[in-house]
Amino acid sequence: MSANILDGKALAAEIRTQVARAVKQRVDKALSVPGLAVLIVGGDAASQVYVRNKRRACAEVGFNSFAHNLDGNISQIELLSLIGALNSNPDVHGILVQLPLPAHIDEEAVIERIDPAKDVDGFHPYNVGRLVLRLPRLRSCTPRGIMTLLARTGVNLEGMDAVIVGQSNIVGRPVAMELLAARCTITICHTRTRDLPAKVRAADLVIASAGRPELVRGDWIKEGAIVIDVGINRRDDGSLVGDVEFDAARERASWITPVPGGVGPMTVATLLQNTLQAAEMADALIS
Ligand code: NAD
């Protein structure tokens, strides 16, 4: 058996087209153009690339993009007060602060300063809590993008045994809550998990998000399982590799995401969906 490829690049392009169409419709109805503020503080080369991609994606769908390239030495108070100003700016519907932040800035305080109604990354405890309570509002981009990819398979997830490798706040935990809400039975694995291969072997659905190149071996994959590879790891030669041993896993899985071209493009497309959603939520408040 050779798995079907879940093509995140193609699906992300479809989503961008849908969002661009929705922006045109808003303009035709004299509604506001969605606006996204992307803040970067100093920033390593990888963060600069992510931010550039996000701003470009905004421009392509017709959003207003508010760029804030901040000095790496900015004080926490200055950063919090900028976020406060963006919270009050009606042209800004979404606020994204690129992580990680420099060590002198308290990441939690920054996330909590963002108005939850503009928290398009879905990292604010309010939005995380709503997801836990099955009352999702703005959902974290990578997990929501994964759910969109899974919907594309047409496979009913109810009752599936889902194993998530990784328990981070931005991927493992929220994707576990998404899958629980979709009525999967979830197992969250981490560095202290005993016998990871056995956990994965029992899974109908595997989410690999450990950030360890090819940690999940192909022969761990149950015949017919769905495999979502979130990992992005750079090899010495500069090429990218996921957390799953792709070629071997593909022989056993029913569906699998490639790296690159799987989850990655969905994250940026979902950010656009979230920003559009935030603009629609703002309309509902003023109508
Ligand atoms: P993280 O380092 O914050 O978390 C990794 C998790 O994996 C931890 O909970 C850790 O306990 C677990 N883990 C690590 N090694 C393990 C092992 N050997 N066995 C079991 N568990 C193990 O990472 P993160 O921010 O969640 O990102 C994970 C990966 O996903 C990275 O490669 C990152 O680049 C990628 N990522 C991709 C996207 C995307 O859009 N495609 C988005 C976010 C993160």
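Remember, predicted model here, so these are calculated numbers, not experimental data.
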Would you check if the side chain of [X] reaches a backbone N or O of [Y] as a donor-acceptor pair within less than 3.5 Å?
X	Y	answer
Lys199	Arg194	yes
His190	Gln167	no
His104	Ile74	yes
Asn4	Ser254	yes

Residue list, side chain to side chain donor-acceptor pair (under 3.5 Å) with [X], at least two apart or on another chain:
X	answer
Thr153	none
Asn69	Arg55
Asp44	Ser47

* Just checking, any donor-acceptor pair under 3.5 angstrom between side chains of Asp91 and Asn64? ->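 Absent: no donor and acceptor within the cut-off.
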For residues 200-215, run the donor-acceptor check on the side chains, cut-off 3.5 Å, and write out each pair with its distance to 0.1 Å, sequence neighbours left out.
| unit_1 | atom_1 | unit_2 | atom_2 | d |
| --- | --- | --- | --- | --- |
| Asp204 | OD1 | Lys222 | NZ | 2.8 |
| Asp204 | OD2 | Asp161 | N | 2.8 |
| Ser209 | OG | Val165 | O | 2.9 |

Are [Y] and [X] connected in a single hydrophobic cluster, I mean Ile/Leu/Val/Met/Phe/Trp/Tyr linked by side-chain heavy atoms less than 4.5 Å apart?
X	Y	result
Ile170	Tyr50	no
Val227	Val163	yes
Ile95	Phe66	yes

With a 4.5 Å heavy-atom cut-off, do [X] and [Y] have their side chains touching?
X	Y	answer
Glu178	Ile146	no
Asp243	Asn233	yes
Leu36	Ser65	no
Arg137	Met281	yes
Leu39	Ile83	yes
Glu245	Ile221	no

Mind checking the [atom1]-[atom2] spacing from [X] to [Y]? Nearest 0.5 Å is all I need.
X	Y	atom1	atom2	answer
Asp121	Gln98	CG	CD	8.0 Å
Thr185	Leu179	OG1	CG	10.5 Å
Leu82	Leu70	CG	CG	6.0 Å
Leu157	Cys184	CG	SG	5.0 Å

* Taking the hydrophobic residues Ile, Leu, Val, Met, Phe, Trp and Tyr, and joining any pair whose side-chain heavy atoms are under 4.5 Å apart, which ones share a cluster with Leu31? ->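 None, because no other hydrophobic side chain comes under 4.5 Å of this residue.
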* Asked: salt bridge (charged side-chain N to carboxylate O under 4.0 Å, His left out) with Glu14: which residues, sequence neighbours excluded?
  ->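 For Glu14, the residues satisfying salt bridge (charged side-chain N to carboxylate O under 4.0 Å, His left out) (neighbours in sequence not counted) are Arg152.
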* **Results of salt bridge (charged side-chain N to carboxylate O under 4.0 Å, His left out) for Arg26 - residues two or more places apart only** =>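 With sequence neighbours excluded, Arg26 shows a salt bridge (charged side-chain N to carboxylate O under 4.0 Å, His left out) to Asp283, given in chain and number order.
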* Can you establish whether the number of heavy atoms outside Leu135 located under 6.0 Å from its atom CG is more than 12? =>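 Atom CG in Leu135 is packed in, count exceeds 12.
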For [X], which residues count as a side-chain contact (heavy atoms from CB on, under 4.5 Å) partner, sequence neighbours excluded?
X	value
Glu223	Met1, Arg252
Asp237	Arg235, Ser239
Arg250	Ser2, Ala3, Ile5, Phe246, Ile256

Review item, side-chain donor-acceptor pairs of residues 259-274, under 3.5 Å, at least two apart:
| unit_1 | atom_1 | unit_2 | atom_2 | d |
| --- | --- | --- | --- | --- |
| Thr267 | OG1 | Thr142 | OG1 | 3.0 |
| Thr267 | OG1 | Val263 | O | 3.4 |
| Thr270 | OG1 | Met266 | O | 2.6 |
| Asn274 | OD1 | Arg144 | NH1 | 2.6 |
| Asn274 | ND2 | Val120 | O | 2.9 |
| Asn274 | ND2 | Arg139 | O | 2.8 |

* Which pairs, with at least one residue in residues 76-89 and sequence neighbours excluded, count as a side-chain hydrogen bond (donor to acceptor under 3.5 Å, both in side chains)? ->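 For residues 76-89, and leaving out neighbouring residues, the side-chain hydrogen bond (donor to acceptor under 3.5 Å, both in side chains) pairs sorted by first residue read Ser75-Glu78.
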